[in-house]
Amino acid sequence: SYSDTYGNSNTRYLFRYFNSSTDIETRIDDVGAVISTDSGLATGDYCTIDAILKDAGFHNNRNIDKTDVDFYRKAAQSEVDANFNGLYAIPFEQPINPRIEYITVRLASGMLLQAEYPNPASTYYSEGEKKIADARAIIARINTKAETLVDRNGNSLLLSNNSSTGISG
């Protein structure tokens, strides 16, 4: 594992691979930048890559490209933002509400599982469907105000033009 004392949560890294058997190194043009957010949040992110990998059961899988995971994280965040726009201030700011983090992780890990196991008959594909359904059920409860997102002090995060009739979540 690499530790960079000068990097921050928005630092991006390029990883090149060297095959000692063939003496071939990946071309820099073939390498995607990886955000340094394996275990930390970058500005604008609702969850970490590690959280998505862990929820999908891929935490120790070195064959999953983190740029792919970041793609699903961004897709999940976009879905969250689209669903809560007008109800809450979008984008959500750090510290990220734990429900928003959970929803984002479940959506992204479900998408990742379905991408890695595209056969709908696969148990893993079904697990991905369940994670996505779980996240969307929570989104629906929040949208109908059966749950209300709150800050660390228990204050509603609803925009002032929305009244809360639900329970704290």
Side-chain angles (χ1 to χ4, degrees), residues 8-12 33-61 64-169:
N8 63 39
S9 63
N10 292 312
T11 302
R12 295 178 184 270
V34 176
I35 301 170
S36 67
T37 57
D38 294 356
S39 58
L41 280 180
T43 303
D45 288 332
Y46 296 168
C47 66
T48 64
I49 288 174
D50 271 358
I52 296 166
L53 289 169
K54 185 179 259 183
D55 193 63
F58 294 138
H59 189 66
N60 294 319
N61 187 325
I64 303 292
D65 188 332
K66 291 185 180 176
T67 56
D68 291 341
V69 181
D70 190 44
F71 173 81
Y72 296 114
R73 172 172 58 183
K74 288 185 183 342
Q77 289 172 177
S78 180
E79 185 170 335
V80 167
D81 287 351
N83 275 284
F84 297 135
N85 190 26
L87 195 58
Y88 293 93
I90 302 299
F92 290 96
E93 294 181 5
Q94 291 183 21
I96 299 300
N97 177 283
R99 288 304 265 175
I100 295 302
E101 179 181 8
Y102 179 81
I103 292 166
T104 306
V105 167
R106 298 296 277 185
L107 284 171
S109 67
M111 292 175 196
L112 178 61
L113 280 166
Q114 289 183 330
E116 291 297 313
Y117 299 96
N119 181 351
S122 163
T123 303
Y124 299 106
Y125 185 93
S126 296
E127 185 63 29
E129 281 184 324
K130 290 176 189 172
K131 290 176 185 296
I132 292 169
D134 174 43
R136 289 181 177 158
I138 297 168
I139 288 171
R141 286 196 306 272
I142 293 170
N143 272 330
T144 60
K145 299 180 187 162
E147 284 187 40
T148 302
L149 299 176
V150 296
D151 65 17
R152 289 181 174 181
N153 298 317
N155 300 312
S156 173
L157 295 174
L158 277 167
L159 292 175
S160 60
N161 59 341
N162 291 288
S163 60
S164 175
T165 58
I167 58 169
S168 295

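Values in this document were obtained by computation on a predicted structure and should not be read as measured data.
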Notebook entry, point to check: Do Asp81 and Tyr46 meet the criterion of a side-chain donor-acceptor pair at a distance under 3.5 Å?
Noted result: yes

Check: OG1 of Thr104 to CD1 of Ile96: how many Å apart, nearest 0.5 Å?
Finding: 8.0 Å

Checklist line | Point-to-point distance, once rounded to the nearest 0.5 Å, from OG of Ser109 to CD of Gln114 | finding: 10.0 Å

Next item on the list: With side-chain contact (heavy atoms from CB on, under 4.5 Å) as the test, would you mind laying out the steps for Leu107 and Ile103 before giving the verdict?
Entry: CA-CA 6 Å; Leu107 284 171; Ile103 292 166; 3.9 Å; yes

Next item on the list: Give a yes or no on whether the backbone of Leu149 and the side-chain of Tyr88 come within a donor-acceptor separation of less than 3.5 Å.
Entry: yes

Check: Is any side-chain heavy atom of Leu113 closer than 4.5 Å to a side-chain heavy atom of Tyr125?
Finding: no

Next item on the list: Step by step, work out the side-chain contact (heavy atoms from CB on, under 4.5 Å) result for Leu157 and Val150.
Entry: CA-CA 5 Å; Leu157 295 174; Val150 296; 5.5 Å; no

Notebook entry, point to check: Are any side-chain N or O atoms of Arg73 and backbone N or O atoms of Ile52, one a donor and one an acceptor, separated by less than 3.5 Å?
Noted result: no

Check: For atom CD of Glu129, is the number of surrounding heavy atoms from other residues, nucleotides or ligands below 6.0 Å larger than 12?
Finding: yes

Margin query: Quick check against the 3.5 Å criterion: does Asp45 have a side-chain atom that pairs as donor or acceptor with the backbone of Cys47?
Written below: no

Check: Do Lys131 and Arg136 come close enough that some side-chain heavy atom pair is under 4.5 Å?
Finding: no

Check: When you measure from the side chain of Ser78 to the backbone N and O of Lys74, does any donor-acceptor pair fall under 3.5 Å?
Finding: no

Next item on the list: Could you tell me whether Phe58 atom CZ has more than 12 heavy atoms of other residues or ligands within 6.0 Å of it?
Entry: yes

Margin query: Could you check whether Asp50 and Thr48, counting side-chain N and O atoms only, form a donor-acceptor pair closer than 3.5 Å?
Written below: no

Notebook entry, point to check: Would a 4.5 Å heavy-atom cut-off, applied to side chains only, mark Ile64 and Val69 as touching?
Noted result: yes

Item checked: Asp55 and Tyr102: side chain donor to acceptor below 3.5 Å -> no

Item checked: Audit row: Ile100, Val80, side-chain contact (heavy atoms from CB on, under 4.5 Å) steps and yes/no -> CA-CA 8 Å; Ile100 295 302; Val80 167; 4.1 Å; yes

Check: Would you say Ile139 and Phe84 make side-chain contact, with heavy atoms under 4.5 Å?
Finding: yes

Checklist line | Straight-line distance of Gln77 CD to Ile90 CD1, nearest 0.5 Å | finding: 11.0 Å

Note to self: Donor-acceptor pair, distance only, cut-off 3.5 Å: does the side chain of Asn83 make one with the backbone of Glu79?
What the structure shows: yes

Next item on the list: Check side-chain contact (heavy atoms from CB on, under 4.5 Å) between Asn153 and all other residues, then give those that pass, not counting sequence neighbours.
Entry: Asp151, Asn155

Item checked: Candidate pair Leu53 and Leu112, rule side-chain contact (heavy atoms from CB on, under 4.5 Å), full reasoning -> CA-CA 9 Å; Leu53 289 169; Leu112 178 61; 4.2 Å; yes

Check: Are the side chain of Ser126 and the backbone N or O of Ser122 linked by a donor-acceptor pair below 3.5 Å?
Finding: yes

